Amino acid sequence: MPDAIELLRTRRSSRIMDLQEPGPSPQDLDTILAIAARVPDHGKLAPWRFIVFEGEGRARAGEAFAKVLAAKAFAAKDLATKNQDTTDKRLDEERKRFLRVPLVVAVVSRAAPHVKIPEWEQVMSAAACCQNMLIAALALGYGATWISEWPTYDAEARAALGLAEHERVAGFIYMGTAALQLEDRPRPDLAQIVTRF
Ligand SMILES: Cc1cc2nc3c(=O)[nH]c(=O)nc-3n(C[C@H](O)[C@H](O)[C@H](O)COP(=O)(O)O)c2cc1C
């Protein structure tokens, strides 16, 4: 078990292409999800929920993305103007979107107007779930990365995953075993971002 400060001080996300089998075991996934749900949450609203995509569920999600994209292309008459091979290749990429890694969890924000708790705070709580999920996966020895990509910003793709109209994707957390440990990337200079009042 890595030292917490050392883990936080050195942690990095993984590239999707480096996330290989095995993904989190069922027991580890339970731990990761429990830690993801253990975040500051003003009013104890749990204004978020998690959708797990594993095994065939990843292929079903890909099929849904491909269907949404094909309908858009059809509506835009893309199919008539574009090379069919390109379209098929693109749809195939969609089918494989979640199959690129062993496991994906969507963190869904359920933030909504509330008499006491600002919606902004509810949204931020969902982001905390994402970060906790990343850290928990890393602490258990897995690699992970926080991804949005187009389905996050597409109402039809969100609906295809079962999200209600007011729900938003805070993040898709891709997980697996990291084949490569990335070198660090430049981090903000504290002098540039910290002021004292
Ligand atoms: C909300 C959010 C969405 C992101 N979406 C993507 C994405 O779609 N594709 C991508 O390559 N990186 C995305 N990133 C960036 C990566 O998750 C990550 O921050 C970056 O690879 C370096 O992270 P590290 O400092 O944890 O190593 C996103 C980050 C955040 C916070």
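The first residue of the sequence shown is numbered 1, and numbering continues consecutively from there. Note that the coordinates shown come from a computational prediction; the quantities given were computed from them, not determined experimentally. Indexing begins at 1, ligand by ligand and atom by atom, following the structure's order.
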**Request:** Show the numbers, then the answer: is there a salt bridge (charged side-chain N to carboxylate O under 4.0 Å, His left out) between Glu94 and Lys72?
**Result:** CA-CA 13 Å; Glu94 287 311 322; Lys72 284 184 198 300; over 6 Å; no
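Partners of Phe172 by ring pair (Phe, Tyr, Trp, His ring centres under 6.0 Å), not counting sequence neighbours, listed by chain and number: Phe98.
Taken together through direct or relayed side-chain contacts under 4.5 Å among Ile, Leu, Val, Met, Phe, Trp and Tyr, Val39 and Ile32 form part of one hydrophobic cluster. Both Ile147 and Val108 sit in one connected hydrophobic cluster of ILVMFWY residues. Membership requires side-chain heavy atoms under 4.5 Å apart, directly or through other members.
Between Glu149 and Arg100 there is a salt bridge, since at least one side-chain N of the basic residue sits less than 4.0 Å from a carboxylate O of the acidic one.
Side-chain polar atoms of Ser125 and Trp48 form a donor-acceptor pair below 3.5 angstrom.
Around ligand 1, the residues contributing at least one heavy atom under 4.0 Å from the ligand are Arg11, Arg12, Ser13, Thr145, Trp146, Ile147, Ser148, Glu149, Arg185, Arg187.
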